[in-house]
Amino acid sequence: MPDHVILFAGPMGAGKTTAIRALSDIEVVATEAANTERDVVDKPTTTVALDYGEIEVSDEAKVRLYGIPGQKRFEFMWRILKSRAEGMILLVNNDAPEPVERMREFLRDFDDLLERGGIVVAVSRTDVAPHPDTEQYAEALDEDYPGIIIPVLAVDPRDRGDMRLALLSLIGNMEMRQLLSAAAETEPA
Ligand SMILES: Nc1nc2c(ncn2[C@@H]2O[C@H](COP(=O)(O)OP(=O)(O)OP(=O)(O)O)[C@@H](O)[C@H]2O)c(=O)[nH]1
Ligand SMILES: [Mg+2]
């Protein structure tokens with residue numbers, strides 16, 4: 001099986017860098033700089049270019065993990081990395097203002113990945129903000145993308161087990177789509 005390329009996207013402070021650090025088998029390449037927007041998210045640093053890590057999910061399959069900056073002023077990095085990715089874990093911090101709307105905005109920016117690969121929505125910081133619940137994210141997805149399976153999970157990005165589950169559900173989703181499209185191509189007209 002060839003390597004997978006997976007993107008971690010989502011708003012500032014959602015836990016993209018944290019998730020890649022929790023998952024990666026190798027030392028993570030990170031590009032953190034001082035956070036000048038501490039009024040938006042109060043943490044000392046923010047990603048300015050990308051994060052890179054790797055994880056082996058089976059003997060044959062290595063997954064390349066790329067994290068993008070959450071701040072929109074680094075959008076050019078989104079475009080570069082998006083073109084390489086087959087799937088995406090969209091992390092959404094449940095304590096952000098209007099997190100379901102934030103998810104919708106990010107999905108509009110990355111909707112070509114829905115056609116090409118797959119997307120899983122991973123809701124973080126539910127210990128800090130328990131509402132909205134994952135059902136509300138799922139309802140919004142069903143409205144925007146009826147008939148397309150986009151799993152929604154609550155995760156703690158610091159927890160390797162949680163992030164492995166999100167990653168495996170994404171890979172499962174991508175492989176299922178590949179099988180379905182291969183089956184559709186071989187079906188007689
Ligand atoms: N309590 C709690 N803290 C969390 C959770 N997820 C992430 N964090 C913390 O929230 C912060 C997230 O920071 P980052 O991982 O830098 O976020 P990011 O998405 O990479 O942000 P940018 O690169 O700035 O866009 C870290 O301090 C994490 O430890 C969670 O589920 N619960
Ligand atoms: Mg980051």
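All residue numbers refer to positions in the sequence shown, counting from 1. We count ligands from 1, going down the list as the structure has it; atoms in each ligand are counted the same way. All figures in this text were calculated on a predicted structure; none of them were measured in a lab.
- Tyr52 has its side chain within reach of Glu54: a pair of non-hydrogen atoms, C-beta onward, lies under 4.5 Å apart.
- Of the protein's non-hydrogen atoms, the one nearest atom 3 (N) of ligand 1 is Arg125 NH1, 3.4 Å.
- Between Arg158 and Asp127, at least one side-chain N (NZ, or NE/NH1/NH2) sits under 4.0 Å from a carboxylate O, which counts as a salt bridge.
- Residue Gly10 places no heavy atom under 4.0 Å from ligand 1.
- When Ala30, Gly70, Gly13 are checked for heavy-atom proximity to atom 12 (C) of ligand 1, Gly13 turns out nearest.
- Ionic pairing of Asp144 and Arg104 is present here: one or more N-O contacts between side-chain nitrogen and carboxylate oxygen are shorter than 4.0 angstrom.
- Distances from atom 24 (O) of ligand 1 to the protein include at least one heavy-atom value under 4.0 Å.
- Looking at ligand 1, you won't find any N or O of Thr45 less than 3.5 Å from one of its N or O atoms.
- Comparing Ala9, Gly15, Pro11 against atom 17 (O) of ligand 1, the shortest heavy-atom distance belongs to Gly15.
- Among protein heavy atoms, atom 1 (N) of ligand 1 sits closest to Asp127 OD2, 2.9 Å.
- With respect to Val152, the side-chain contact (heavy atoms from CB on, under 4.5 Å) criterion is satisfied by exactly one of Leu90, Val120, Val121, Asp133: Val121.
- Of the protein's non-hydrogen atoms, the one nearest atom 29 (O) of ligand 1 is Arg158 CD, 3.6 Å.
- Protein heavy atom closest to atom 15 (O) of ligand 1, with residue, atom name and distance, is Thr18 OG1, 2.4 Å.
- Near Val128, meaning under 4.0 Å from one of its heavy atoms, ligand 1 places the atoms 1 (N).
- Looking at Thr47 and Thr31, their side chains never bring a donor and an acceptor atom within 3.5 Å of each other.
- Considering backbone and side-chain atoms alike, Asp51 places every N or O at 3.5 Å or more from each N or O of ligand 1.
- Between Glu32 and Asp51 the shortest side-chain heavy-atom distance falls below 4.5 Å.
- Residue Ser124 has no nitrogen or oxygen atom sitting less than 3.5 Å from a nitrogen or oxygen atom of ligand 1, judged on distance alone.
- Using a 4.0 Å cut-off between charged nitrogen and carboxylate oxygen, Arg102 and Asp95 do not count as a salt-bridge pair.
- Counting non-hydrogen atoms of neighbouring residues, nucleotides and ligands closer than 6.0 angstrom, the CG atom of Leu168 exceeds 12 such neighbours.
- Close contacts between ligand 1 and Lys16 involve ligand atoms 15 (O), 17 (O), 18 (P), 19 (O), 20 (O), 21 (O), 22 (P), 25 (O) [criterion: under 4.0 Å to a heavy atom].
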